[in-house]
Amino acid sequence: GYPYTYTDLCRYLTELENDPKKKDKVRRRTLCQTEAGNNCDMLIITTYPSDAETLKFKKGIVLTARVHPGESGSSYMIKGVIDFLTGPTLPAKILRDNFVFKIVPMLNPDGVLNGNSRCSLAMVDLNRCWIEPSKQIHPTIYHTKSMIKKFQEDRDILLYCDFHGHSRKKNVFMYGCSNPKGTDVPKEKLFPCLLSHNCSIFSFQDSCFLIQKSKESTARVVMWKELSIINSYTIEASFCGADFGKFAEFHFNIEMLESIGHEFCKTIYDFCDPDQINIRRAMEELEMLIPKELENDENDSNGDSDFSGDEEGKGKKPKKGKKKIKKDADKYKESAPIVTVT
């Protein structure tokens with residue numbers, strides 16, 4: 001992947017703080033110190049200033065990235081999210097007016113600084129310790145989970161997403177959580193379905209919503225199971241590229257990775273648009289896809305972000321005849337209605 005260092009992040013966050021057009025939209029906080037004494041930064045993005053009465057009606061969204069140091073593409077995706085949310089567009093303003101975003105752009109600074117591929121300085125996969133993180137051994141996970149719990153006391157959290165890279169599968173796709181063998185369209189699949197409309201390299205077909213036992217201690221499962229956040233996801237961008245559409249057989253570049261972050265934000269906007277036209281369309285598509293998606297989930301043994309799960313998928317034949325859900329190219333316009341979150 002394209003390198004993205006801890007120094008790159010610190011420089012970017014400093015530029016955000018000093019940008020006269022952006023500094024009033026974001027607050028930078030030190031979430032905690034790592035094992036090696038490095039800062040783990042957190043950003044809070046919303047409309048400032050906001051009085052207490054206004055703030056209490058805003059829902060929360062929590063995003064994290066770079067828990068695995070080798071997955072540098074996740075840093076570019078989360079940068080795309082931050083760039084969009086602090087940008088001048090009407091949809092960005094609507095999102096800031098209606099939500100409080102808390103973003104931890106690098107969960108494993110020590111691993112990044114020391115050139116690790118997967119682990120922290122304690123040789124621990126930090127995405128396997130969310131059930132009971134140690135304050136001493138897993139400080140960034142401990143403090144992130146504590147932050148989310150406290151955040152949840154103040155407001156409803158609409159969505160949690162952890163940004164990753166994947167070395168074996170192609171495309172951009174999601175892992176979510178849902179109860180198996182459900183007959184109704186699960187709400188958990190709505191956001192990924194909408195994202196497939198907005199992002200030309202996102203594959204809903206490659207997304208999976210079952211919970212393997214080996215993944216029960218990952219961020220997305222703990223947020224769903226323990227904190228009852230229905231829309232809890234891992235988003236994965238291939239180290240390679242896409243295998244469908246106009247970018248088939250091309251590697252993802254930095255611009256494409258950052259654009260995923262932009263489209264992710266546009267999808268949050270669509271997800272909460274009171275017009276609900278796109279929601280109804282997605283629900284209809286999902287109703288038609290349910291039998292096929294259940295079969296795909298049962299057959300998909302690829303785990304979150306490489307290793308463990310991926311070894312189980314070796315020898316598995318690639319899917320053929322992949323079709324992307326039809327993209328609604330012009331539905332996202334400057335004249336979009338103001339979102340009312342209820």
Side-chain angles (χ1 to χ4, degrees), residues 4-34 38-67 72 74-109 112 140 143-144 146-148 150-152 154-163 235 254-255 257-269 271-272 336 338-339 341:
Y4 193 96
T5 66
Y6 180 68
T7 302
D8 291 332
L9 174 66
C10 292
R11 186 182 295 118
Y12 171 65
L13 297 183
T14 300
E15 289 172 358
L16 268 182
E17 289 182 297
N18 295 328
D19 188 328
K21 295 181 179 179
K22 294 187 175 185
K23 64 181 182 180
D24 293 333
K25 303 167 185 174
V26 61
R27 299 287 184 268
R28 181 181 180 182
R29 300 285 183 265
T30 299
L31 181 66
C32 66
Q33 301 285 312
T34 67
N38 297 300
N39 286 348
C40 179
D41 286 297
M42 176 179 70
L43 298 180
I44 306 171
I45 300 175
T46 191
T47 298
Y48 293 102
S50 290
D51 58 74
E53 191 66 22
T54 303
L55 267 177
K56 75 178 184 180
F57 290 108
K58 293 186 178 185
K59 295 192 181 231
I61 292 176
V62 181
L63 309 174
T64 57
R66 205 65 186 278
V67 70
S72 57
S74 67
S75 286
Y76 288 105
M77 287 194 289
I78 204 72
K79 180 180 180 295
V81 168
I82 297 166
D83 285 343
F84 184 94
L85 291 175
T86 56
T89 65
L90 177 61
K93 182 183 183 303
I94 291 172
L95 290 176
R96 293 193 302 270
D97 287 346
N98 287 279
F99 296 100
V100 179
F101 291 84
K102 291 199 173 185
I103 302 174
V104 184
M106 191 173 284
L107 280 170
N108 193 350
V112 173
T140 61
H143 286 282
T144 300
S146 298
M147 175 272 291
I148 296 172
K150 188 173 187 309
F151 195 33
Q152 202 172 41
D154 299 330
R155 67 194 74 253
D156 290 336
I157 296 179
L158 175 73
L159 181 144
Y160 169 79
C161 190
D162 195 21
F163 288 69
I235 187 168
I254 291 173
E255 183 181 355
L257 291 167
E258 291 182 354
S259 74
I260 296 164
H262 303 163
E263 305 305 337
F264 186 92
C265 293
K266 293 177 184 178
T267 303
I268 297 174
Y269 175 87
F271 194 53
C272 302
I338 297 295
V339 174
V341 179

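Rounded to the nearest 0.5 Å, atoms CD (E255) and NE2 (H262) are 9.0 Å apart. Remark: I78 CD1 to E258 CD distance equals 12.0 Å, nearest 0.5 Å. Taking OG from S259 and CG from D83, the interatomic distance works out to 12.0 Å, rounded to the nearest 0.5 Å. Atoms OG1 and OH, on T5 and Y12 in that order, are 14.5 Å from each other to the nearest 0.5 Å. Note that CD1 of I157 and CG of D154 are 9.5 Å apart. Values are rounded to the nearest 0.5 Å. Atom-to-atom distance recorded for I103:CD1 and M106:CE is 14.0 Å, nearest 0.5 angstrom.
Counting only N and O atoms by type, the side chains of Y76 and D8 include no donor and acceptor under 3.5 Å apart. Using a 3.5 Å distance cut-off with no hydrogens or angles, the side chains of Q33 and N39 do pair a donor with an acceptor.
Contact annotation: the side chain of V100 approaches that of F151 to within less than 4.5 Å [non-hydrogen atoms, C-beta and beyond]. Put simply, the side chain of T47 does not reach to within 4.5 Å of the side chain of T54, judged on heavy atoms. V62 is listed as a side-chain neighbour of M147, based on a closest heavy-atom distance under 4.5 Å. Two residues are said to be in side-chain contact when any heavy atoms from C-beta on lie closer than 4.5 Å; F264 and L63 meet this criterion. Side-chain contact between L16 and L43 is present, with at least one heavy-atom pair separated by less than 4.5 Å.
Here the side chain of K79 pairs no donor or acceptor atom with the backbone of L257 at under 3.5 angstrom. Judged by distance alone, with hydrogens and angles left aside, the side-chain atoms of R66 form no donor-acceptor pair with the main-chain N or O of S75 at under 3.5 Å. Remark: the backbone N or O of L158 is not paired with any side-chain donor or acceptor of D156 at under 3.5 angstrom.
Minimum heavy-atom separation, A92 to G87: CB-O, 3.9 Å. Contact detail for Y4 and V112: the closest heavy-atom pair is O-CG1, 4.0 Å. Closest non-hydrogen pair, S74 versus F163, comes out as CB-O, 3.2 Å. The minimum heavy-atom distance linking F99 with I268 is given by the pair CE1-CG2, 4.4 Å.
By the side-chain hydrogen bond (donor to acceptor under 3.5 Å, both in side chains) test, T64 pairs with Y160, D162, sequence neighbours left out. Residues meeting the salt bridge (Lys or Arg N to Asp or Glu O under 4.0 Å) test with K25, sequence neighbours left out: none. With sequence neighbours left out, the side-chain hydrogen bond (donor to acceptor under 3.5 Å, both in side chains) criterion links D41 to R28. When the side-chain hydrogen bond (donor to acceptor under 3.5 Å, both in side chains) test is applied to S72, no partner is found at least two apart in sequence or on another chain. Among residues two or more places apart in sequence or in another chain, the side-chain hydrogen bond (donor to acceptor under 3.5 Å, both in side chains) test is passed with R29 by none. For K23, there are no side-chain contact (heavy atoms from CB on, under 4.5 Å) partners two or more places apart in sequence or in a different chain.
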ask   = How far apart are the C-alpha atoms of T140 and T34, what are their side-chain angles, what is the distance that settles it, and do they pass the side chain to side chain contact (heavy atoms under 4.5 Å, CB included) test?
value = CA-CA 6 Å; T140 61; T34 67; 4.0 Å; yes
task = Report the C-alpha separation of C272 and N98 in whole Å, then their side-chain angles, then the decisive distance to 0.1 Å, and conclude whether the side chain to side chain contact (heavy atoms under 4.5 Å, CB included) test is met.
result = CA-CA 10 Å; C272 302; N98 287 279; over 6 Å; no
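Environment of NZ in K22: crowded, with over 12 heavy atoms of neighbouring residues, nucleotides or ligands closer than 6.0 Å.
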